[in-house]
Structure formats: C-alpha cells, structure tokens
2 protein chains.
Amino acid sequence: MKPTIYDVAKAAGVSIATVSKVINNTGKMRDTTREKVKDTMKKLNYQPSLMASALTGKGTETLGLLVPDISNPFFSQIAKTIEDRAHENGMSVIICSTDENTDKEKKYVELLQRKHVDGMIVASSYHNIEILKEVVNRNTPLVMLTQDDAGLGVTSISVDDFKGGYEATSHLISEGHRDIAIIAEYAKSSKQRIYGYLEAHEEQGLETSEDHIFRTIASIENGRESLRKIVQKGKVPTGIFACNDLIAVGVIQEAKEMGLKIPEDLSIVGFDNTILATTTVPGLTTIAQPITEMGNRVVDVIISEIKNKNQTKERILFKPQLIIRGTTAVVKI
Amino acid sequence: MKPTIYDVAKAAGVSIATVSKVINNTGKMRDTTREKVKDTMKKLNYQPSLMASALTGKGTETLGLLVPDISNPFFSQIAKTIEDRAHENGMSVIICSTDENTDKEKKYVELLQRKHVDGMIVASSYHNIEILKEVVNRNTPLVMLTQDDAGLGVTSISVDDFKGGYEATSHLISEGHRDIAIIAEYAKSSKQRIYGYLEAHEEQGLETSEDHIFRTIASIENGRESLRKIVQKGKVPTGIFACNDLIAVGVIQEAKEMGLKIPEDLSIVGFDNTILATTTVPGLTTIAQPITEMGNRVVDVIISEIKNKNQTKERILFKPQLIIRGTTAVVKI
DNA sequence: ATGAAAGCGCTAACAT
DNA sequence: ATGTTAGCGCTTTCAT
C-alpha cells in the first residue's frame with residue numbers, strides 16, 4: 001500500500017530526517033544522497049502525506065470557498081478563477097454551496113475548520129456572524145467576496161454594488177423609463193444596489209416607491225415568479241432592473257410567455273454579466289463584474305494573509321461596467 | 001487558539017481517552033461523565049481535528065472530483081448535486097478543473113492522494129491512465145463519471161452516449177435532413193456519440209463522410225469557430241449535431257451573425273440539456289442527461305465502495321432523452 | 001467505568 | 001552530513 005517516509009528511508013538506506021529534508025528541500029547534504037533519496041522516492045512512487053505534515057504545524061494547503069450555489073454561473077465562473085489561481089500557488093479549494101441557508105453555512109464553516117483549511121473565502125450571503133467571528137478569533141484568515149465585511153473587520157472584495165445599481169438604473173432612466181421595478185436578492189450587496197437604484201431616481205428628481213422593490217433568491221424560476229408578482233400588482237413597469245442575470249433570464253422568459261415584447265414592451269437590465277447574458281435573445285444588457293480580476297485578487301489576498309497574518313484589512317471595490325446589449329431600448333410613448 | 005482534546009480532557013477532569021469516546025460515541029461510561037465532557041466541549045467550542053483522526057486510520061471524509069472545467073454549466077450543475085449528496089453523507093468535496101490537460105490531471109490526482117481523499121470521482125476526460133491506475137492500485141476508490149472506465153476495471157457512470165448520438169441524429173434525419181455535420185469533443189464519450197450518429201445514418205441507408213465530422217473542445221468560442229470551419233469547407237449542412245450545449249450555443253451565435261436563420265436555414269441539436277438550453281432563442285433542442293440522478297448515483301456508489309471496498313464494478317448507463325425545442329425543424333426543400 | 005500508552009506519518013530541534 | 005527524538009491531535013488496545 002501507500003509507502004511512508006519510513007519505507008523510503010529504509011529503501012534508500014538513510015534516516016527519515018534525511019528524507020524529510022529532501023522532501024522539503026531544506027538542510028544540507030551530499031548531492032549523491034539527495035539524488036539517491038529522490039530516486040527511491042520515485043521508484044516507490046512515494047507521495048508525502050499532507051495530513052501528517054499539516055499535523056506538525058504546516059498548513060493543509062487548502063482553501064475553503066463558501067458560495068450560495070455553485071451551479072449559479074456567476075459563482076461557478078468565479079470559482080474557476082479562484083481554483084486556477086489557488087493551484088498556481090499550490091493550494092486546492094473545497095467548495096461548499098450554502099443555498100443561502102444559515103444552518104448549512106454553520107455546518108460547512110465548522111467542517112472546514114475541522115479540516116484545517118488554511119483560509120476561507122466567504123462568498124455566501126446569509127450569515128451567522130457568530131460563527132464567522134469564531135473563525136476569525138481562531139486566527140484562520142477569512143476574506144469576504146461579493147459581500148461587505150459584516151462587521152468582522154476582515155478584508156472584503158466586491159464590485160461597487162451601489163455604483164452598479166446606480167448605473168443600471170440611470171441607463172434605464174436615460175432611455176426614458178419612468179416606471180422601473182427592481183428585483184433584488186436578500187443579500188447585503190443587493191441592498192447597495194437598491195440604494196443605487198434610489199439614488200439614480202433621486203438625482204433626476206424622480207419619485208420611487210416601495211411598491212417597485214421586490215426581493216427573491218437567485219434562480220430562473222424565481223425570476224419568472226417575480227415578474228408574475230409584479231404584474232399581479234397592477235400596472236406593468238416599462239423597465240426592470242434584476243439584481244442578477246439568473247433573475248433577469250427568468251424575467252425574460254416569463255415576459256415572452258406573457259406576450260410582452262423585449263425590449264419594446266419591457267426593458268431589462270441584469271447584473272453579473274455571466275455566460276447567460278450572451279445566450280439570451282436579445283442579448284442581456286447587464287452590469288459586468290470583473291469576475292476574473294476579483295477571483296484572482298481574492299486568492300492573492302488570502303494567500304498573503306496566510307503567509308503573514310495580520311495584514312491590514314481593506315475593503316476592495318471593483319468597478320462595475322454597464323454592458324449594453326439588446327434588452328434595453330428607449331421607452332415607447 | 002484552537003482547543004485540542006487535551007484541553008477538553010483537562011477542563012473536564014477526565015482523560016483524553018474518555019473524551020475521544022464521547023466524540024465518537026463509542027465505549028461505555030457513566031452518563032454524567034458523558035454529559036460533563038459534552039458540556040465542556042461546547043464551552044470550549046472544541047472541534048475535533050479531522051486530520052489527526054485521519055492520521056490514525058480513519059478517513060478524511062473528503063472526496064475528490066475531477067472535471068474538465070467547473071465553469072461549464074454541465075459540470076457545475078452535476079458538481080452541485082454531487083456536493084449536496086456528499087454532504088448528506090458527511091463528506092465534502094474538493095473540485096479540480098483539469099482543463100482537459102493531462103499534466104494538470106496528473107498534478108491534481110497526486111495532490112488529492114496526498115490529501116488522502118477517501119475516494120475520487122473522475123469526470124475529466126483526458127487521461128494519463130498510469131496515474132489513474134496508481135490510484136486504483138493504492139486502493140483508493142475511484143469511479144468514472146461521464147466516461148467509460150478506460151480499462152481500469154472501475155465502475156463508470158454515464159449517459160448512454162451511443163444512444164444519445166443516435167437519437168439526436170435520428171431526429172434530424174426524421175425532419176428530412178440529409179446533410180448533417182457533427183461537432184464532437186475529443187473525449188471518449190464523443191466517440192460513442194459519433195458512432196450513434198453513424199448508426200442513425202446507416203440505418204436509413206444514408207451515406208456519411210469524414211468531412212462531416214469535426215472536433216473541438218467544449219466552449220462557446222470553439223463552437224463558433226467550428227461553424228466557421230464548416231462553412232469554409234463549402235456547402236453549409238442543413239443540420240448540425242453539437243456534442244454539447246456550449247458548442248451548440250456557439251454555433252447558434254455564429255450562425256446568426258452569418259445571417260443564417262435558425263431553424264429555417266440550419267437545425268441544431270445539442271447535448272446535456274444544461275441551463276443554457278433554456279435561455280437561447282429559440283430554445284435548444286438537445287439530448288438531456290439526467291444530471292441529478294447521475295450525480296446522486298455516483299456518490300452513492302463511491303460511498304459504498306469506501307465503506308466496503310471491492311464492490312463489484314459495473315458500467316452504469318443512464319438513458320438520454322431527446323428534448324425538442326425550437327432549434328430544429330423540418331428541412332427546407 | 002476510566003486511564004495509560006503506543007502509534008499514525010511527518011517536521012524540526014538537537015545530537016553526533 | 002546525517003541521525004535521534006520529541007511532539008502534532010487523535011484512536012484504540014490493554015490495564016486498572
């Protein structure tokens with residue numbers, strides 16, 4: 001079965017200390033010895049146990065990533081860049097989908113701690129703050145992605161949600177829309193997007209009303225349902241700002257089934273600029289998050305925190321970018 | 001910092017053996033003792049180290065999952081169900097995207113072994129068979145997903161690719177298409193789909209030619225490029241069977257830019273039935289893989305292999321299902 | 001019913 | 001230059 005350091009030592013005729021040294025490329029020794037050990041490692045197909053070494057104080061070289069749902073394209077896309085960057089740095093990542101469920105979050109966070117992950121990236125939004133605080137107290141580097149720091153005093157990386165909401169809404173307003181609904185998520189980030197939505201209206205001296213603000217959880221089905229709710233409320237708005245692409249797609253699909261023409265009868269702006277935004281017809285006008293940059297950055301940050309703890313914490317906001325495609329147009333009079 | 005079993009033992013006034021027993025719910029002891037220990041575990045917020053226990057022979061409660069690319073919706077969707085099912089069974093999963101790169105596969109497989117994963121699910125297609133053999137030899141349960149067993153003698157779970165290819169093609173043929181191209185991947189599964197494509201033709205006494213078989217790697221961009229190549233070759237076929245939805249979407253997009261009407265000028269069938277198939281316009285006719293069932297099944301299998309090794313190995317084929325949407329129509333005369 | 005102690009595979013000080 | 005040894009946090013057998 002799996003050879004251990006002892007097997008290698010015996011086969012190479014040296015002590016385990018020597019083997020350990022060649023594994024870690026530390027210490028000094030005769031070149032011939034090093035070669036001999038390397039050879040026998042290869043011959044035995046020896047693979048040092050990361051668990052054993054982690055137990056002696058070294059890291060586990062694994063990162064934990066908490067997302068709401070890995071099957072949501074936004075998260076799978078960002079997970080991919082996180083994974084790539086992590087591997088470039090010799091780390092792998094355990095992905096957990098919380099389904100925006102506080103119990104699951106708790107369970108997964110504890111699990112990740114028991115697995116001794118070297119750091120945790122939290123891109124999931126429902127929080128049991130106490131749990132996360134525990135993590136921080138226990139000195140496990142933790143950074144928030146797509147989220148504010150929830151009062152934890154950790155660094156957070158996200159897009160400028162306020163600005164994104166502002167730009168999405170301003171675009172609609174500039175096209176003449178005066179009756180704009182917003183479908184947000186429950187997450188904090190959505191709150192900022194709502195504020196941006198409000199700000200854009202206010203700036204133009206436009207009224208807003210609670211009636212135009214809807215909330216749901218990200219999924220195509222929920223997007224459809226939201227549109228149904230909006231329509232039930234009475235007058236159909238001319239524009240909808242959906243706080244993510246998944247919801248926007250749902251709105252598009254439902255609108256079509258209702259016989260609403262897009263963008264003639266209804267303009268839609270999404271958020272995220274995932275792969276979905278390019279596959280709808282018309283293409284989805286949306287607010288792009290710099291997914292790759294954010295993913296890379298978050299692992300850079302967490303790795304530097306792992307290397308030398310107590311880095312200064314920051315709140316990093318990336319610039320959102322309005323991508324105009326076909327789901328928005330000048331409002332019909 | 002993190003409390004250990006010693007801290008708990010000391011605080012509770014018992015030995016670590018006793019604490020271990022309550023952690024694992026083994027052995028007998030006075031109820032009061034058990035309670036006392038439980039209480040102090042709670043008070044100290046103690047979380048047993050999985051690494052330490054793994055080192056003593058228990059499992060790591062971790063599964064490794066190798067996929068070509070987690071940002072491909074098919075894989076992120078199946079990863080989600082795998083993750084869910086795994087967690088239901090107290091296991092978490094480390095996901096690695098190989099990018100269909102043999103070197104990466106090798107690197108990740110070794111990594112996963114060093115991390116002592118209890119089992120590995122391989123849904124990635126380019127194989128360094130030797131590496132995988134090593135895994136099997138070392139007695140780490142391994143099951144192939146979406147792939148045949150590559151001569152490893154392990155159980156494999158996939159859709160019936162041959163049948164899927166046959167049905168996709170037959171559908172096109174039944175709509176009157178006589179000039180059908182196929183865009184496949186390099187994977188083994190694609191080979192089966194090609195055979196299905198061939199079979200469907202043969203059954204109808206229709207000619208086929210190598211000229212109509214194209215290969216690429218799954219991505220929208222490669223789908224677009226493939227269509228360009230097909231067009232360059234001369235006569236544009238009336239039907240295209242793309243071996244996955246991503247490629248199909250690329251074909252649709254490129255076709256539109258070329259001014260080709262879908263399905264009037266070109267009928268398209270995809271494969272997978274991912275979220276993308278519902279967002280295109282028209283909706284994508286595609287071959288559905290039972291993603292949830294396959295995902296659940298694969299973890300059930302691997303878990304039973306982990307529990308009692310040497311399960312009988314099988315080749316499990318799920319039934320594909322043709323989902324007719326809007327990208328296919330009777331051929332124009 | 002409870003505890004002492006050996007051992008899992010490795011690292012890192014300390015000897016030689 | 002190389003080896004000895006004491007942990008790391010836990011499980012498990014064997015005593016008590």
Side-chain angles (χ1 to χ4, degrees), chain A residues 1-38 40-41 44-62 110-111 113-118 138-140, chain B residues 1-38 40-41 44-62 110-111 113-118 138-140:
Chain A
M1 285 224 30
K2 267 198 217 310
T4 73
I5 198 173
Y6 289 96
D7 300 320
V8 177
K10 192 180 303 173
V14 298
S15 77
I16 62 166
T18 303
V19 178
S20 177
K21 275 167 197 148
V22 355
I23 291 172
N24 300 290
N25 242 301
T26 55
K28 300 194 173 305
M29 76 186 63
R30 212 167 288 146
D31 274 357
T32 57
T33 313
R34 196 177 292 278
E35 285 317 312
K36 186 175 50 180
V37 174
K38 274 187 180 164
T40 80
M41 291 200 312
L44 296 187
N45 222 306
Y46 167 71
Q47 293 171 353
S49 161
L50 279 179
M51 328 209 34
S53 83
L55 201 53
T56 73
K58 293 205 157 184
T60 49
E61 297 173 13
T62 109
E110 287 176 350
L111 195 71
Q113 289 195 108
R114 307 217 304 144
K115 296 209 168 168
H116 292 230
V117 295
D118 294 338
R138 273 164 148 83
N139 257 305
T140 302
Chain B
M1 286 228 26
K2 268 200 219 307
T4 73
I5 198 172
Y6 289 97
D7 300 319
V8 176
K10 193 181 302 175
V14 298
S15 76
I16 62 166
T18 303
V19 178
S20 176
K21 276 165 198 150
V22 353
I23 292 172
N24 300 290
N25 243 303
T26 55
K28 300 194 173 305
M29 79 187 62
R30 213 168 288 146
D31 273 359
T32 56
T33 312
R34 196 177 290 278
E35 284 316 312
K36 187 174 51 180
V37 173
K38 274 189 179 161
T40 79
M41 290 201 312
L44 297 187
N45 222 307
Y46 168 70
Q47 292 171 352
S49 162
L50 280 179
M51 326 208 35
S53 82
L55 199 54
T56 73
K58 294 202 156 186
T60 48
E61 298 173 14
T62 308
E110 287 176 351
L111 195 70
Q113 289 195 110
R114 307 217 305 142
K115 296 210 169 169
H116 292 230
V117 294
D118 294 338
R138 272 163 149 84
N139 256 304
T140 301

Mind checking B/Lys21 for me? I need base, sugar-phosphate or nothing, with any heavy atom below 4.0 Å counting as a touch.
base
More 5' along DNA chain C: B/Ala52 or B/Arg34, using each one's nearest nucleotide?
B/Arg34
Closest nucleotide among C/dT2, D/dG3, C/dT11 to the A/Thr18 side chain
D/dG3
Atom NZ of B/Lys10: over 12 foreign heavy atoms under 6.0 Å:
no
Taking atom P of C/dG9 as reference, at what distance in whole Å does atom CE of B/Met51 sit?
14 Å
Measure across A/Glu110 and B/Gln47 and return the closest heavy-atom pair with its distance rounded to 0.1 Å.
CG-NE2, 3.3 Å
For a quick test of reading the model: is some side-chain N or O of A/Ser15 closer than 4.0 Å to OP1 or OP2 of D/dG3?
yes
Round to the nearest Å and state the distance from A/Gln47 atom CD to C/dG9 atom P.
14 Å
Look at B/Thr33 and C/dT2 and indicate whether a side-chain polar atom (N or O) is within less than 4.0 Å of OP1 or OP2.
yes
Can you check the A/Asn25 CG to C/dA12 P distance for me, whole Å?
13 Å
Count the heavy atoms of every other residue, nucleotide or ligand shown that sit under 6.0 Å from CG of B/Asp31, and state whether that count exceeds 12.
no
Rounding to an integer number of Å, can you tell me how far B/Ile16 CD1 sits from C/dA4 C1'?
9 Å
Looking at B/Ser49, does any N or O in its side chain come under 4.0 Å of the phosphate oxygens OP1/OP2 on D/dC10?
no
How long is the line joining CE of B/Met29 and C1' of D/dT11, in whole Å?
13 Å
Among the nucleotides D/dT12, D/dT4, C/dT11, whichever has the atom closest to the side chain of A/Ala17 is D/dT4
Please give, in whole Å, the distance from C/dC10 C1' to A/Met41 CE?
14 Å
Of the options D/dT11, C/dA1, D/dC10, whose atoms approach the side-chain atoms of B/Thr4 most closely?
D/dC10
Just checking B/Val19: base, sugar-phosphate only, or nothing, at a heavy-atom cut-off of under 4.0 Å?
nothing
If you look at every heavy atom in A/Lys2 and B/Gln113, which pair is closest and at what distance?
NZ-O, 4.1 Å
So, under a plain 3.5 Å distance rule, would you say the side chain of B/Lys2 forms a donor-acceptor pair with the base of D/dG9?
no
Start at the 5' end of DNA chain C and walk down; is the nucleotide closest to B/Thr56 or to B/Gly13 reached first?
B/Gly13
Quickly work out the B/Leu55 CG to C/dG7 P distance and round it to whole Å.
14 Å
Between A/Tyr6 and C/dG7, is there a contact of a side-chain N or O with OP1 or OP2 at under 4.0 Å?
no
Rounded at 0.5 Å granularity, tell me how far CD in B/Glu35 sits from OG1 in B/Thr33.
9.5 Å
A/Arg30 side-chain proximity, nearest of D/dC10, D/dA1, C/dG9
D/dA1
Integer-rounded Å distance: D/dC8 P and A/Arg114 CZ
20 Å
Side-chain H-bond candidate by donor/acceptor type, A/Lys115 with A/Thr62, under 3.5 Å
no
D/dC10, D/dG3, C/dT11: which one has an atom nearest the side-chain heavy atoms of A/Val14?
D/dG3
